Protein chains: 2
Amino acid sequence: MAGKSGRPRQPVPTAKAASGSEEKLGDLPNYVGYMLRRAQLTVFQDFIQSLADFDLRPAQFSVLSVIEASPGLRQTEVANLLGIQRTNFVTLFDSLEGRGLAERKPSKEDRRSHSLYLTDAGRAYLRDVKASVDAHETRIAQQVGQDDYITLKRILGKLLVIC
Amino acid sequence: MAGKSGRPRQPVPTAKAASGSEEKLGDLPNYVGYMLRRAQLTVFQDFIQSLADFDLRPAQFSVLSVIEASPGLRQTEVANLLGIQRTNFVTLFDSLEGRGLAERKPSKEDRRSHSLYLTDAGRAYLRDVKASVDAHETRIAQQVGQDDYITLKRILGKLLVIC
DNA sequence: TATTGTTATACTCTATAACTATA
DNA sequence: TATAGTTATAGAGTATAACAATA
């Protein structure tokens with residue numbers, strides 16, 4: 001598993017990119033963390049390009065998706081679901097509310113908290129966005145192949161349980 | 001692939017975390033980008049905790065690993081290999097050089113460029129670091145199982161080819 | 001002219017402390 | 001006393017422009 005001893009290893013040419021630069025990286029590509037980071041950056045880059053017309057960042061998309069699926073959740077609840085600190089969530093949601101895509105409504109039960117909803121405009125906007133996101137997703141599925149696409153998501157799900 | 005219509009779905013309990021929060025996320029967990037991001041954050045968190053005694057960030061570790069495997073590379077070459085802009089690489093490497101772990105040496109062939117090397121202290125330091133990193137890596141392999149650990153790295157390698 | 005390393009700078013993301021209004 | 005939302009702020013990470021030295 002990524003090598004044990006301190007002696008110099010001959011980097012085994014794994015089934016990886018043939019960009020011609022792997023030999024210089026040493027055993028870095030054998031670490032899951034490194035590969036996860038590089039893969040995530042690549043996928044996010046494609047995601048952002050796919051949504052260039054919409055000017056929507058991945059985090060913003062995730063917020064819209066959650067409050068579409070679960071309207072009425074409190075602000076901190078949405079933040080926690082997405083692993084965003086509630087303090088940083090404020091300006092993030094401000095940007096969506098400022099664009100008229102989502103809105104805060106006072107909660108009836110607890111007057112401290114805000115319930116979050118999509119606006120009608122936000123719902124229509126998200127419908128268009130999702131068409132592009134699904135195209136992006138299809139591109140990735142084709143990149144790795146349908147079987148590995150399913151397998152990848154299954155294994156990634158196992159990794160979240162750590163935290 | 002990730003749901004098509006706008007109607008509320010009953011999120012199928014996939015083979016994922018049973019944190020009791022999945023139903024509220026909608027179809028977000030069906031997007032590879034979202035899962036990659038969450039998994040990467042989880043793994044990096046464990047990585048950083050594993051290296052708390054060493055005070056070494058993932059990016060710093062990757063730099064040390066590369067110049068251990070390929071001593072003498074020029075600064076911009078290392079930056080490019082890791083997907084770091086050469087302008088941001090300067091301070092990153094300054095921190096390692098300031099700690100006496102690595103050093104710049106003038107290149108004989110091109111007097112504009114610096115060749116990068118580990119110091120003796122850096123080599124010893126990296127040996128200790130790698131023991132902790134390998135323990136971290138083993139923890140992840142056990143988390144997902146040995147077969148899926150291999151499979152995961154294979155599929156992630158396919159994703160890098162996009163860029 | 002082009003490239004290497006560098007500085008300055010700005011913008012995003014993330015993390016912590018403290019405040020307010022409610023509970 | 002504790003919690004939800006908020007503000008202020010500081011630190012990373014990342015991006016672009018411009019410069020000196022060298023090719």
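These figures come from a predicted structure and were not determined experimentally. Atom set for the values below is all heavy atoms of this structure, side chains included, hydrogens, waters and symmetry mates excluded. In the text below, chain A, chain B and the rest are named by the order of the sequence lines, each starting its count at 1.
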| query | Should A:Q85 be listed as having a side-chain N or O under 4.0 Å from OP1 or OP2 of C:dT14? | reply | no
| Counting only side-chain N and O atoms of A:R74, is one of them less than 4.0 Å from OP1 or OP2 of D:dA4? | yes
| query | Does the side chain of B:R86 get closer than 4.0 angstrom to OP1 or OP2 of C:dT3 through an N or O atom? | reply | no
| query | Quick one: A:I84 CD1 to D:dG5 C1', roughly how many Å, whole number? | reply | 15 Å
| message | Between the base of D:dA15 and the side chain of B:N88, is one N or O donor paired with an acceptor at under 3.5 angstrom? | response | yes
| Quick one: is A:R104 getting a side-chain N or O under 4.0 Å of the D:dT6 phosphate, OP1 or OP2? | yes
| Out of C:dC13, C:dG5, D:dA23, whichever nucleotide has its closest atom nearest the side chain of A:R57 | C:dC13
| field | Length of the CG-C1' vector between B:D94 and C:dT7, whole Å | value | 11 Å
| Is the closest side-chain donor-acceptor distance between A:R37 and A:Q40 under 3.5 Å? | yes
| Taking atom P of D:dT14 as reference, at what distance in whole Å does atom CG of B:L92 sit? | 10 Å
| query | Can you tell me if the side-chain N/O atoms of B:T76 get under 4.0 Å from OP1 or OP2 in C:dT3? | reply | no
| field | Pair A:R154 + B:D148: basic N to acidic O under 4.0 Å | value | yes
| message | Should the side chain of A:T87 and the base of C:dT16 be counted as holding a donor-acceptor pair, with the cut-off at 3.5 Å? | response | yes
| message | C:dT6, OP1 or OP2 - any side-chain N/O from B:Q75 closer than 4.0 Å? | response | yes
| remark: Atom CZ of A:F93 and atom P of D:dT7 are separated, to the nearest Å, by 14 Å
| query | CD of A:E109 versus P of C:dA23: gap in Å, rounded? | reply | 11 Å
| remark: From CG of A:L73 across to P of D:dA4 the rounded distance in Å is 13 Å
| task | Measure the distance from NZ on A:K108 to C1' on C:dA23 and round it to the nearest whole Å. | result | 18 Å
| task | Find the distance A:E77:CD to D:dA4:P and express it as a whole number of Å. | result | 10 Å
| For A:L28 and B:L81, what are the C-alpha separation, side-chain angles and deciding distance, and is it a side-chain contact (heavy atoms from CB on, under 4.5 Å)? | CA-CA 11 Å; A:L28 214 44; B:L81 281 172; over 6 Å; no
| query | Where each residue is assigned the nucleotide of DNA chain D containing its nearest heavy atom, which of A:V90 and A:R37 is assigned the position nearer the 5′ end? | reply | A:V90
| query | Going by modelled atom types, is there a donor-acceptor pair between the base of C:dT3 and the side chain of B:R112 at under 3.5 Å? | reply | yes
| request: Output yes when A:R123 and A:E68 qualify as a salt bridge under the 4.0 Å nitrogen-oxygen rule, no when they do not. | output: no
| task | Identify which one of A:F47, A:F54, A:F44 satisfies the ring pair (Phe, Tyr, Trp, His ring centres under 6.0 Å) criterion when paired with A:H136. | result | A:F47
